[in-house]
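What follows is a set of notes on a single structure, which appears directly below.
Residue numbers begin at 1 in each chain, while the letters A, B, ... track the order of the sequences.
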Amino acid sequence: MALLDFLKKIEPDKKKSPFLHTLYDGFFTFAYTPNTVTSDGVHIRDGMDLKRTMVMVVLAMQLCYIFGSYNIGHQHFVAIGENTGLLEGFLLKIVYGLVKILPIFLVTHIVGLGIEFFYAAKKGHAIEEGFLVSGALIPLIMPPDIPLWILALSVTFAVIIGKEAFGGTGMNILNIALLARVFVFFAYPTTISGDEVWVAGLEACSGGAAVDYGFIETSIINPLFGWLGMSGFNEAATVVDGYTGATPLGLASKGGWDAVTAVYSTDQMWWGAIPGSIGETCKPFIIAGALLLVTIGIASWRVMLSMLMGAAFMAFALNLWGATPFMEVPWMYQFYMGSFFFAMAFMATDPVTAASTNTGKWIYGFLIGMVGMIVRVMNPAYPEGWMLAILFMNVFAPLIDHYVLESNINKRLKRA
Amino acid sequence: MELFNIFLKAAFVENLVLAYFLGMCSFLAVSKTVKTAFGLGLAVIFVLGITMPINWLITEYLLSETGIFGMDLTFLRLILFIAVIASMVQLVEMIIEKVSPALYTSLGIFLPLITVNCAILGGSLFMVSREYSFGESVAFGLGGGFGWFLAIIAIAAIREKIRYSAVPPGLRGLGMAFILTGLMGLAFMSLMGIDPAALMGTK
């Protein structure tokens with residue numbers, strides 16, 4: 001209880017310094033469940049409050065974080081033809097990944113939480129820790145080389161327009177993390193689409209291009225590794241001949257499944273050693289996170305299952321149509337590519353923006369699956385569909401709920 | 001199939017409200033509840049679906065050089081289009097007043113104002129500039145109307161939902177509706193660029 005005593009001692013005066021008190025309150029409730037309970041109305045009282053729920057979601061993402069940061073390094077070394085085995089140069093790869101992911105993580109949180117703290121102090125209520133999950137999600141859905149000022153801008157847009165304008169946590173209509181990504185996608189498309197952006201630290205994704213190491217790699221890590229007697233980053237390395245950095249989806253949209261298997265094996269795609277957004281690649285780890293969320297009852301299995309069914313159904317229908325090579329990709333292999341599982345586990349199940357009735361959830365998930373597959377396969381402008389499909393259905397979720405409720409009311413009126 | 005493509009494209013890919021931002025005044029004003037939005041949406045589908053083919057006939061047989069008058073009367077296009085739209089709206093108004101007086105009163109001034117709803121005039125002008133055939137203009141009218149209908153009931157459901165949210169006082173009502181329209185436009189951009197016709201052609 002030493003921590004509790006310490007926290008009690010440093011509690012700032014609420015009247016004298018409201019901003020400091022908000023800050024303090026945010027960290028205090030992070031460490032301990034607050035002592036205050038709602039007194040009027042009927043409420044279920046449970047230790048599993050909003051903050052605890054969000055922490056569980058963040059926990060479910062940790063495997064993606066670990067693999068994601070490792071994969072940043074791995075893809076980089078594959079591109080320059082060093083340590084190409086998955087476990088070779090383990091330490092160097094994870095260090096490189098951390099050098100890339102930590103600034104992204106920090107900028108996201110400093111900007112997002114900063115805005116959140118500001119609004120909490122301004123409106124005079126406790127911090128609504130709604131940014132915990134969005135803040136953990138945003139780094140995972142960005143490419144590793146995203147310029148930090150663009151990231152900061154997109155987080156600002158998403159938090160202010162997407163959330164604070166609607167009145168704060170739990171009231172937003174569109175998923176905050178996806179809104180941040182869609183902002184980058186439409187405002188700075190070259191930083192988040194194409195073949196060039198998914199592998200970190202290269203001047204260009206073509207044979208012979210130089211590597212692009214910053215101050216940290218050359219002046220801190222290399223001397224340190226040298227002192228420890230290990231080999232560091234090779235500053236003279238160049239990209240191997242014939243390397244393009246294309247993602248499986250990029251290949252599939254040009255040449256179908258054959259073009260994909262010529263470069264990547266199915267195992268490789270399933271386990272995630274492919275270029276892509278930071279956290280989306282490793283399917284088994286994402287599924288493990290999804291199972292955790294379903295087991296403790298935070299994410300809705302209805303949304304996940306129906307989204308899987310919708311996507312499978314649409315992919316199968318497109319197989320039958322078969323007008324382009326991409327449509328002919330066997331339907332089950334569509335799941336090996338891109339970010340389907342990540343979107344299913346962490347994005348579509350967001351309880352705030354999803355439909356809230358049970359019937360509504362089935363419809364909502366199924367339509368996400370269908371729309372996402374349509375955008376992925378049939379829209380030549382966009383390589384991947386889940387981000388846009390989920391935003392699209394976020395818009396219609398209140399409408400679905402409205403009609404589900406209406407039909408329930410009518411059913412009961414008839415029965416009475 | 002061709003007609004179906006045009007319908008889909010007008011409804012989703014090139015949605016009149018969320019891609020072209022046409023017909024905003026009634027879109028923002030009548031979207032407070034799903035019920036009235038539903039009624040107005042149906043009225044717009046009807047008016048678009050009817051005026052489009054009539055206007056097509058007018059451009060083809062009255063205003064063009066090959067028409068009955070034998071001279072180029074396209075300078076009369078705008079005024080004739082508006083006259084047709086106004087009379088159709090009058091028709092819809094009479095029907096709604098007869099069938100559902102409750103809806104009639106809740107729509108109020110916005111029902112006759114469909115006349116100046118730019119989505120409808122815009123639809124007719126798109127039809128002329130894109131040189132649609134008769135069948136295509138019917139499909140475009142119904143598709144555009146359906147897209148408008150979908151957009152207005154979606155925003156109405158959202159606005160019903162955010163009525164319980166702690167929206168900052170300065171943004172309540174119209175301000176929020178504008179932000180919502182922008183965000184919905186962002187979401188609808190997912191389908192922008194899909195060309196069903198091109199997909200058929202590649203086979």
Just wondering, more than 12 heavy atoms not from [X] lying within 6.0 Å of its [atom1]?
| X | atom1 | result |
| --- | --- | --- |
| A:Tyr188 | OH | yes |
| B:Tyr61 | OH | no |
| A:Phe313 | CZ | no |
| B:Lys35 | NZ | no |
| A:Leu320 | CG | yes |
| A:Phe118 | CZ | no |

Measure the spacing between [atom1] of [X] and [atom2] of [Y] and express it to the nearest 0.5 Å.
| X | Y | atom1 | atom2 | result |
| --- | --- | --- | --- | --- |
| B:Phe12 | A:Phe392 | CZ | CZ | 6.0 Å |
| B:Glu160 | A:Asp401 | CD | CG | 11.5 Å |
| A:Asn379 | B:Met189 | CG | CE | 10.5 Å |

Portion of [X] that has a non-hydrogen atom of chain A nearer than 4.5 angstrom:
| X | answer |
| --- | --- |
| B:Leu186 | both |
| B:Met184 | both |
| B:Ile158 | both |
| B:Leu150 | both |

- [ ] Looking only at non-hydrogen atoms, find the nearest pair between B:Ala157 and A:Pro398 and report the distance.
- [x]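 In terms of heavy atoms, the two residues are closest at CB-C, 3.7 Å.
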Task: Minimum heavy-atom distance between A:Ala165 and B:Pro168, given as atom pair plus value - done: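 Scanning both residues, the minimum pair turns out to be O-CD, 3.1 Å.
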Open item on the list: For the interface with chain B, which of A:Glu164, A:Met393, A:Glu406, A:Met171 has the highest count of heavy-atom pairs at distances below 4.5 Å?
Closed with: A:Met171
Contact part of [X] toward chain B, heavy-atom cut-off under 4.5 Å: side chain, backbone, both or neither?
| X | result |
| --- | --- |
| A:Leu179 | side chain |
| A:Val395 | both |
| A:Phe185 | neither |

TODO: State, yes or no, whether a side-chain contact exists between A:Phe166 and B:Leu183 at a heavy-atom distance under 4.5 Å.
DONE: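 In contact.
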